[in-house]
Amino acid sequence: RIPHGIAFPSTQKLLSAVDRYLERELRKAGLGQDAVADLAISVSELVNNAILHGNHQDESKKVTLELLFAPGEVTVYVEDQGDGFDPKKLANPLEGENLMKEVGRGIFIARSLVDTIEFFRGNSGGMRVKLVKKFSV
């Protein structure tokens, strides 16, 4: 496994640059368009969550994106420096009063597009989310 990664300030102004970086790295690793799209959407949702909910757009706090490539799979870590949350307490966006809410779908979307998603406390005390996507080589 060869790690790749970047760390950047918590501002949404950098989202498109982060997306471009991710897509370029995934294509260099040989992922097909569907796998690239699934990961790009998932990571974008999680990076946005890290900026908004984790670091509260505090530009002195960083979001870290790490990529690990292995034959037939890529692992992506997104980590913030926020206070963290309990993933077991996430509301289901498909239930009753949550249907009309404009927030709360990012993790749900990511879960549907990747093979594995796990939540940990990061090294900085914030959240560290691990995504695994399998692909054909």
Side-chain angles (χ1 to χ4, degrees):
R1 291 182 179 232
I2 301 169
H4 300 264
I6 56 172
F8 49 93
S10 295
T11 174
Q12 290 182 303
K13 295 176 199 163
L14 296 175
L15 283 174
S16 62
V18 172
D19 287 344
R20 286 191 303 273
Y21 166 81
L22 176 68
E23 290 186 32
R24 182 177 66 243
E25 293 298 315
L26 294 175
R27 285 198 178 92
K28 280 197 303 192
L31 274 76
Q33 186 55 41
D34 288 347
V36 169
D38 288 352
L39 272 169
I41 291 165
S42 300
V43 170
S44 182
E45 291 288 343
L46 293 175
V47 165
N48 199 44
N49 282 354
I51 291 169
L52 292 175
H53 306 297
N55 293 342
H56 303 287
Q57 299 186 72
D58 178 346
E59 292 187 34
S60 71
K61 293 184 176 181
K62 303 277 188 232
V63 175
T64 304
L65 178 65
E66 293 175 66
L67 310 171
L68 297 169
F69 297 101
E73 97 177 14
V74 61
T75 302
V76 180
Y77 292 96
V78 177
E79 185 171 340
D80 64 48
Q81 295 179 316
D83 297 326
F85 68 94
D86 182 351
K88 294 181 190 109
K89 293 184 178 176
L90 290 173
N92 182 339
L94 301 179
E95 288 182 356
E97 71 278 359
N98 299 329
L99 276 172
M100 300 309 287
K101 288 184 182 175
E102 293 190 23
V103 296
R105 290 173 170 51
I107 291 172
F108 179 79
I109 290 167
R111 254 192 193 117
S112 70
L113 296 174
V114 299
D115 295 293
T116 307
I117 185 168
E118 298 175 57
F119 301 89
F120 309 93
R121 279 296 189 171
N123 298 328
S124 61
M127 289 307 291
R128 183 169 171 85
V129 183
K130 175 184 178 183
L131 303 172
V132 178
K133 179 72 176 175
K134 299 185 184 311
F135 62 92
S136 302
V137 285

side-chain contact (heavy atoms from CB on, under 4.5 Å) with Phe8: of Thr64, Leu14, Leu15, only one passes, and it is Leu14

d(Asn49 CG, Met127 CE) to nearest 0.5 Å is 11.0 Å

Apply side chain to side chain contact (heavy atoms under 4.5 Å, CB included) to Lys130 and Thr75, showing your working. CA-CA 7 Å; Lys130 175 184 178 183; Thr75 302; 3.8 Å; yes

Would you find a donor on one side and an acceptor on the other, under 3.5 Å apart, between the side chain of Asp80 and the backbone of Val63? no

Pairs under 3.5 angstrom only: tabulate donor-acceptor contacts from the side chains of residues 115-122 to other protein residues two or more places apart or in another chain.
unit_1	atom_1	unit_2	atom_2	d
Asp115	OD2	Lys134	N	2.6
Arg121	NH1	Asp83	O	2.7
Arg121	NH1	Gly125	O	2.7
Arg121	NH2	Asp83	O	3.2

Under 3.5 Å, side-chain donor or acceptor atoms of residues 25-34 against the rest of the protein: list the pairs with distances, not counting sequence neighbours.
unit_1	atom_1	unit_2	atom_2	d
Glu25	OE1	His4	ND1	3.3
Glu25	OE2	Lys28	NZ	3.2
Arg27	NH2	Gln33	OE1	3.0

Please enumerate all residues that pass side-chain hydrogen bond (donor to acceptor under 3.5 Å, both in side chains) together with Gln12, with sequence neighbours excluded. Asn48

Glu45 vs Ile107, test: side chain to side chain contact (heavy atoms under 4.5 Å, CB included). Steps then yes/no. CA-CA 7 Å; Glu45 291 288 343; Ile107 291 172; over 6 Å; no

If the condition is side chain to side chain contact (heavy atoms under 4.5 Å, CB included), which residues does Ser112 pass it with, not counting sequence neighbours? none

I'd like to know if the side chain of Tyr21 reaches the main chain of Gly5, judged simply by a donor and an acceptor atom lying under 3.5 Å from each other, with no hydrogens or angles considered. yes

Drop me the distance from Arg111's CZ to Leu131's CG, to the nearest 0.5 angstrom. 10.5 Å

How far does CG of Leu67 sit from OH of Tyr77, to the nearest 0.5 angstrom? 11.5 Å

Between Phe135 and Val74, what is the shortest heavy-atom contact and its length? CE2-N, 3.8 Å

What closest approach, in Å, do Gly82 and Asn55 show between heavy atoms, and which atom pair accounts for it? N-OD1, 3.1 Å

Does one hydrophobic cluster hold both Val18 and Leu52, with members joined at side-chain heavy-atom distances below 4.5 Å? no

So does Ala50 get a backbone contact from the side chain of His53, meaning a donor-acceptor N/O pair under 3.5 Å? no

Kindly list each side-chain donor-acceptor pair under 3.5 angstrom involving residues 37-44, sequence neighbours excluded, with atom names and distances?
unit_1	atom_1	unit_2	atom_2	d
Asp38	OD2	Lys133	NZ	2.9
Ser42	OG	Asp38	O	2.8

Any link between Val132 and Leu113 through a network of hydrophobic side chains (Ile, Leu, Val, Met, Phe, Trp, Tyr) touching at under 4.5 Å? no

Suppose the criterion is salt bridge (Lys or Arg N to Asp or Glu O under 4.0 Å): which pairs have a residue in residues 4-22, not counting sequence neighbours? none

Which pairs with one or both residues in residues 53-63 pass salt bridge (Lys or Arg N to Asp or Glu O under 4.0 Å), sequence neighbours excluded? none

